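Heads up, the thing below is written out as structure tokens.
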Amino acid sequence: DPNTVYMNSEDYVKYKKSFEGSFQGIGVRLEYTNSVVVVSDVFDGSPAKNAGVQAGFEFLEVDGKSVANKTIDEVVEMVRGTNGTKVSIKFYDPVNDEEVTKEITRGEIKVEAMRVIEKDNNTAILEVSRFTETSPEAWRAKWDQTVTQIQAKGYKNIILDLRGNTGGYLDSAVYAASDFLEPGKIIVTERTRSDGDKNQTALSNKQRLMNKNVVILVNGGTASASAGPRARRWSARR
């Protein structure tokens, strides 16, 4: 299964650290496309963005070493490094059908789990970049603060932007969805060989945003808990 990887204890600590939304790297999300490691998203203001890296670029080499047949984790390890150090990456640009090499100085990348941007007096853009934080409780606390902010402003319309959201805690996604759905609405069905179907439904004490007009934005980087039936895609931030 190309979407499943083994992590030793050291790798798992690094993985958990990325939940906090702060890491040292170049500021891109990676994904598999046809067994090739591809840039799915580039963070605004990141070293990669400043170097001209674009979504869709395919990894060919990192510091002169081929990434052919490498897993995402292996490519991440090649790209990751200390703040202020440089990495040379050769990409294939499918739009212009050419190879390009970028020398990028790594930096401290910080990504907020969510933020609200006012589009107009009636419309808010709710960007949710991940369903993870230092703990599920911390994520839910941030979500509650954000919902309270939207309620206080009295927005009638919400643009829920999940583009580039790599997922996270499934229970956090259920918690958020419960603000948009009526009580008892099935949000997730988990199927196991031993127990059969197990449903998670909308929480009965939520529904704070049910009276809003909602548009949801997704793209190729919308993965895992944020993607529902599209959760087969695997991605990582580096």
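Here the structure is a predicted model, which is why all the values come from computation and not from measurement.
To the nearest 0.5 Å, the span separating CG on Leu217 from CG on Asn165 amounts to 12.0 Å. Atom CZ of residue Arg29 and atom CD1 of residue Ile72 lie 13.0 Å apart, to the nearest 0.5 angstrom. Separation of atoms CG (Asn121) and NZ (Lys156) is listed at 10.5 Å; rounding is to 0.5 Å. Distance check: Thr101 OG1 to Lys90 NZ gives 5.0 Å after rounding to the nearest 0.5 Å. Between the NZ atom of Lys212 and the OH atom of Tyr155 there is a distance of 10.0 Å, given to the nearest 0.5 Å.
One hydrophobic cluster, built from ILVMFWY side chains closer than 4.5 Å, holds both Val218 and Phe180. Under the 4.5 Å side-chain heavy-atom criterion for Ile, Leu, Val, Met, Phe, Trp and Tyr, Val28 and Tyr92 are members of distinct hydrophobic clusters. With hydrophobic clusters built from ILVMFWY side chains whose heavy atoms lie under 4.5 angstrom apart, Val36 does not share a cluster with Val75.
Between the side chain of Ser178 and the backbone N or O of Val174 there is at least one donor-acceptor pair closer than 3.5 Å. Looking at Gln207, its side chain does come within 3.5 Å of a backbone N or O of Leu181 through a donor-acceptor pair. Not a single donor-acceptor pair under 3.5 Å links the side chain of Glu77 to the backbone N or O of Glu74. Checking side-chain atoms of Asp179 against main-chain N and O of Arg208 turns up a donor-acceptor pair under 3.5 Å. Between the Thr148 side chain and the Asp144 main chain, a donor and an acceptor come within less than 3.5 Å of each other. At distances below 3.5 Å, not a single donor-acceptor pair connects side-chain atoms of Asn96 with backbone N or O atoms of Glu98. Between the side chain of Ser129 and the backbone N or O of Met114, no donor-acceptor pair lies under 3.5 Å.
Side-chain contact between Ser88 and Lys102: absent, with no pair of heavy atoms (C-beta onward) separated by less than 4.5 Å. Between Lys49 and Asp44, the closest side-chain pair of non-hydrogen atoms falls below 4.5 Å. Contact of the Val38 side chain with the Leu30 side chain is not registered, since no non-hydrogen atoms from C-beta on lie closer than 4.5 Å. In this structure the side chain of Glu99 reaches within 4.5 angstrom of the side chain of Leu60, judged on heavy atoms. Residues Trp143 and Ser172 form no side-chain contact, since every pair of their non-hydrogen atoms from C-beta on lies 4.5 Å or further apart. Residues Ile109 and Pro47 form a side-chain contact, since some pair of their non-hydrogen atoms from C-beta on lies under 4.5 Å apart. The shortest distance between side-chain heavy atoms of Ile117 and Glu127 falls below 4.5 Å. Using a 4.5 Å cut-off on side-chain heavy atoms (C-beta onward), Leu126 and Ile150 make contact.
Evaluation of the ring-ring contact (aromatic ring centres under 6.0 Å, His included) rule for Phe91 yields Phe57, Phe59 as partners, not counting sequence neighbours. Every residue was checked against the salt bridge (charged side-chain N to carboxylate O under 4.0 Å, His left out) condition with Lys185, not counting sequence neighbours, and none meets it.
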Criterion side-chain contact (heavy atoms from CB on, under 4.5 Å) on Val37 and Val67, from CA distance to verdict: CA-CA 8 Å; Val37 178; Val67 301; 5.7 Å; no
Worked check of side-chain contact (heavy atoms from CB on, under 4.5 Å) between Ile26 and Ile89: CA-CA 11 Å; Ile26 63 173; Ile89 306 176; 3.8 Å; yes
side-chain contact (heavy atoms from CB on, under 4.5 Å) evaluation trace for Leu162 with Ile216: CA-CA 7 Å; Leu162 299 178; Ile216 301 175; 4.1 Å; yes
Steps toward side-chain contact (heavy atoms from CB on, under 4.5 Å) verdict (Leu209, Ile158): CA-CA 9 Å; Leu209 302 176; Ile158 297 175; 4.1 Å; yes
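Nearest heavy atom pair, residue Val42 against residue Val53, reads CG2-O, 3.6 Å. Shown here for Ile159 and Lys119, the closest heavy-atom pair between the two residues is CD1-CD, 3.9 Å. Residues Ser46 and Phe43 come closest through the heavy atom pair OG-O, 2.7 Å. Nearest heavy-atom pair, Gly27 versus Ala48, reported as atom, atom and distance to 0.1 Å: O-CB, 4.3 Å. Across all non-hydrogen atoms, the minimal contact from Val116 to Gln149 is CB-NE2, 3.8 Å.
The residues Lys65 and Asp63 are annotated as not salt-bridged, no charged nitrogen and carboxylate oxygen being separated by less than 4.0 angstrom. Under 4.0 Å is where a charged nitrogen must lie from a carboxylate oxygen, and between Arg140 and Glu137 at least one such pair does. Using a cut-off of 4.0 Å between Lys/Arg side-chain N and Asp/Glu carboxylate O, Asp41 and Arg163 are scored as not salt-bridged.
For Asn8, the CG atom counts as densely surrounded, since its 6.0 Å shell holds more than 12 non-hydrogen atoms of other residues, nucleotides or ligands. Within a 6.0 Å sphere centred on CG of Asp120, other residues, nucleotides and ligands contribute more than 12 heavy atoms.
Side-chain contact, Arg106 with Thr85: a donor N or O sits under 3.5 Å from an acceptor N or O. Inspection of the Asn122 and Asn157 side chains reveals no N or O donor paired with an N or O acceptor under 3.5 Å.
No close placement of the Tyr169 and Trp139 rings is indicated, their centers lying 6.0 Å or farther apart.
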